[in-house]
Amino acid sequence: MAPRSADKSTALLIDGTLTDGGGGTFATINPATQDPLGTAADGDATDMDRAVAAARTAFDESDWPRDTSLRVHCLRQLRDALNTEIEMLRAITVAEVGAPITLTYGGQLQIPVDDLEFPARTAEKYSWETDLGVCAPLGIASRRTVVREPYGVVGAITPWNFPHQINLAKIGPAMAAGNTVVLKPAPDTPWCAAELGRIVAEKTDIPPGVLNIVTSSDHRVGAQLASDPRVDLVSFTGSTVTGSAVMTAAAQSVKKVLLELGGKSAFIVLDDADLQTVCAKAAVAVARHAGQGCAFTSRLLVPRDRYRDAVAAAAAAMQEVVVGDPADPTTVCGPVISARQRDRIAGFLRLALDEGGVFACGGGRPAHLPRGFYIEPTVIGGLTNDARVAREEIFGPVLTVLAHDGDAEAVRIANDSPYGLSGTVYGGEVRAGWVASRLRVGTVNVNGGIWYSADMPFGGYKQSGLGREMGLAGFEEYLQTKAIATTVR
Ligand code: NAD
């Protein structure tokens with residue numbers, strides 16, 4: 001099912017045309033085998049310049065910003081076109097991202113494709129103008145109208161871990177709101193974005209310049225997009241360090257930034273929860289997709305007097321996790337994306353030991369997988385929340401178990417983090433609700449509730465980000481507000 005080695009190459013999409021990159025091509029690697037899959041067009045500074053110019057012209061000179069019915073039609077057409085090629089997209093998502101195939105039936109592919117309906121429907125039903133009636137400020141009778149309008153050119157910069165979800169959750173609402181877009185995907189997963197570009201060019205009525213896609217091996221091409229004064233808004237998902245650099249670059253031309261950044265989220269078990277079952281859930285939750293989810297709960301907070309039982313339950317479940325070929329439907333934990341990420345995670349595992357931690361399971365490479373960027377699902381015990389492995393984002397299948405002394409202390413430990421992306425709490429409904437209300441995070445799962453859906457806002461507090469993606473709040477992030485007053489005679 002996966003594409004054969006080196007038999008595929010992809011293009012940039014600039015001004016409606018599929019084109020080669022000025023930098024030639026670069027290899028895309030299968031993280032499960034370390035073999036090259038093929039190549040992608042390597043966009044350079046000139047390509048990015050042309051893409052921004054095309055998006056600017058499409059915004060300033062076409063009807064796209066004002067023609068809501070065209071935009072709604074194009075988004076639904078794109079959703080249907082992606083669905084006609086869903087098996088090809090599934091194959092490249094497994095091969096290029098290393099995502100377990102089961103996830104492509106959900107959040108890795110199918111759900112975000114189908115969720116394009118949400119921004120389309122929102123735009124269709126949206127109140128673009130609100131009449132505030134007549135009043136006479138300073139004695140001048142005035143009819144007041146508040147109008148919502150698109151920002152202009154949106155620069156979208158995305159990471160590799162959930163490429164379709166993140167690409168589509170940016171371009172869907174940005175385009176539905178009437179903006180034009182330049183998408184710069186991560187160098188590790190160019191095909192997921194490039195195939196989107198091909199499908200846009202070949203199978204939709206999206207006008208030239210409205211969506212441009214520049215794959216590149218060079219992070220500086222992303223930095224160029226963030227600083228270009230012709231771009232009005234930058235929507236970035238990635239690490240907090242890069243997000244901060246994007247914010248600095250955007251500040252030079254005072255453009256709006258939306259940031260979806262890192263996390264170190266807590267999974268809190270209260271003393272009236274079913275500890276064994278819940279700790280097993282926590283372990284499997286962080287092993288999915290090799291722990292490469294920004295909102296995954298990588299700190300497990302358990303009652304101190306049940307600490308040993310909790311570590312044992314988490315480790316027992318973690319040892320049952322199937323690690324291996326992402327194309328195998330029984331696999332839960334595939335490879336991490338790259339040698340760089342594998343080595344970074346291995347560095348954190350060494351650090352855990354240096355800090356006095358103990359591996360209840362894992363801690364190395366899976367012995368049965370000599371090739372591929374694999375890490376053993378790992379449970380770390382014996383540390384406090386001051387340890388670096390409890391504070392820093394590891395982005396691997398690694399769970400750190402910490403002790404708490406009651407509900408209030410669990411909240412304090414959970415909030416004692418530079419991040420504030422997500423959280424989970426299990427316990428009696430009233431107490432769990434009390435904890436949820438005090439977590440300084442953007443999304444909370446109470447007793448297994450699912451917060452992810454097209455109509456729910458997603459985003460972070462503190463250093464996990466600025467603004468919201470998805471839901472009505474995510475749509476409105478891409479809108480300006482204009483107040484118009486007309487004298488009444
Ligand atoms: P990254 O920050 O290294 O890169 C993200 C993107 O930014 C890539 O496209 C990269 O080419 C580009 N980039 C790099 N330097 C840049 C610069 N100076 N200016 C502009 N663009 C630049 O992140 P990553 O390693 O690709 O992804 C993993 C990170 O993403 C993790 O920290 C994870 O938590 C975060 N993430 C957050 C969310 C969320 O919604 N909060 C979702 C997924 C991933």
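On a predicted model such as this, the values are computed, not experimentally measured, just so you know. Numbering of ligands and ligand atoms starts at 1, following listing order.
Here the closest non-hydrogen pair linking F475 and P119 is CE1-O, 4.3 Å. Of all non-hydrogen atoms in H404 and V269, the two that sit nearest each other are NE2-O, 2.8 Å.
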Check your understanding: Taking it one step at a time, do R391 and S417 satisfy side chain to side chain donor-acceptor pair (under 3.5 Å)?
Key -> CA-CA 6 Å; R391 304 195 75 76; S417 168; over 6 Å; no
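Residue M247 qualifies as open at atom CE: its count of foreign heavy atoms under 6.0 Å is 12 or below.
Using a heavy-atom distance under 4.0 Å as the criterion, the protein contacts of ligand 1 are I157, T158, P159, W160, N161, I166, K184, P185, A186, P187, H219, G222, A223, F236, T237, G238, S239, T242, V246, E260, L261, G262, C294, E393, F395, L421, F458.
Aromatic rings from F296 and H289 are positioned such that their centres are separated by 6.0 Å or more.
Within the structure, every pair that satisfies the side-chain hydrogen bond (donor to acceptor under 3.5 Å, both in side chains) test and touches residues 151-161, not counting sequence neighbours, is listed here: T158-N167.
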